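Just below is one structure, and these are the notes that go with it.
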Amino acid sequence: MRINDAIYFARLLRKNPTISESKFWEIVRKRRICGLKFLRQYKIEHSNINGIRNYFFVDFYCHEIKLIVEIDGEIHEQQKEYDAERQNILEEMGYYVIRIRNEELSSSDILNQFYNFCESLKSTTK
């Protein structure tokens, strides 16, 4: 994928979020979680073969703690193997990956766990 194509695709994804992505964005935007800055539909280059760059587009990314958050809807039930392989590659690259299912976004327990996880990563990366 050419860099301009990747930028266009990421912008398209940001303009058309799912309901769950919009909900999560309202939770994390403007440094509302632990003072951390999150970006939406962020592209991460995972390989460059003969000058052809390949990217993963992640739902949310925080550079300060190298955290990727994926919001999983129904489609992810059919692509578990792909998601697992993708997550392995990202973790090998040094990223932390959290997957949150759509229905979990309403749970204050999950959000508290997410906040605590961000706090612990933030304190270990200082």
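Fair warning: this is a prediction, and the values are worked out from it, not measured in the lab.
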Q.
As a quick check of understanding, evaluate side chain to side chain contact (heavy atoms under 4.5 Å, CB included) for Trp25 and Arg40, giving each step before the final call.
A. CA-CA 8 Å; Trp25 179 240; Arg40 297 176 294 156; 3.2 Å; yes
Q) Could you walk me through whether Lys23 and Ile71 pass the side chain to side chain contact (heavy atoms under 4.5 Å, CB included) check? A) CA-CA 10 Å; Lys23 184 176 181 178; Ile71 308 298; over 6 Å; no
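Between Ile65 and Leu36 the shortest heavy-atom distance is CD1-CD1, 3.5 Å. Shown here for Asn48 and Glu45, the closest heavy-atom pair between the two residues is CB-OE2, 3.4 Å. Residues Glu21 and Phe60 come closest through the heavy atom pair O-CZ, 3.4 Å. Residue Leu111 comes nearest to Leu105 through the heavy atom pair CD1-O, 3.8 Å, listed as atom of the first residue, atom of the second, then distance. Between Ser123 and Ser120, the shortest heavy-atom distance links the atoms OG-O, 2.9 Å. Closest non-hydrogen pair, Ile27 versus Arg32, comes out as O-CB, 3.3 Å.
Side-chain N or O atoms of Arg14 include one that pairs as donor or acceptor with a backbone N or O of Gln41 at under 3.5 Å. Panel note: side chain Ser47, backbone Ile49; no donor-acceptor pair is recorded below 3.5 Å. For the pair Gln87 (side chain) and Ala84 (backbone), a donor-acceptor distance under 3.5 Å is absent. With hydrogens and angles disregarded, no donor-acceptor distance shorter than 3.5 Å links the side chain of Glu64 to the backbone of Lys122.
In this structure, Phe24 has its ring center closer than 6.0 angstrom to the ring center of Phe114.
Two residues are said to be in side-chain contact when any heavy atoms from C-beta on lie closer than 4.5 Å; Ile98 and Leu67 meet this criterion. Counting heavy atoms from C-beta on, the side chains of Glu91 and Tyr96 never come closer than 4.5 Å. The shortest distance between side-chain heavy atoms of Asn102 and Ile19 does not fall below 4.5 Å. Side chains of Thr124 and Glu119 form no contact here, defined as non-hydrogen atoms less than 4.5 Å apart. A 4.5 Å side-chain heavy-atom check between Leu90 and His46 finds every atom pair outside the cut-off. No side-chain heavy atom of Val28 sits less than 4.5 Å from a side-chain heavy atom of Lys37. Here the side chains of Arg86 and Phe56 are in contact, with some heavy-atom distance below 4.5 Å.
Figure legend: Lys66 and Tyr95 shown as a cation-pi pair, the cationic atom lying under 6.0 angstrom from the six-membered ring centre and within 45 degrees of its axis.
Atom-to-atom distance recorded for Ile110:CD1 and Glu103:CD is 10.0 Å, nearest 0.5 angstrom. Atom OH of Tyr115 is separated from atom CD of Gln113 by 15.0 Å, given to the nearest 0.5 angstrom. To the nearest 0.5 Å, the span separating CD1 on Ile33 from SG on Cys62 amounts to 10.5 Å.
When each of Arg101, Arg99, Lys80 is checked for a side-chain hydrogen bond (donor to acceptor under 3.5 Å, both in side chains) with Asp72, only Arg99 meets the rule.
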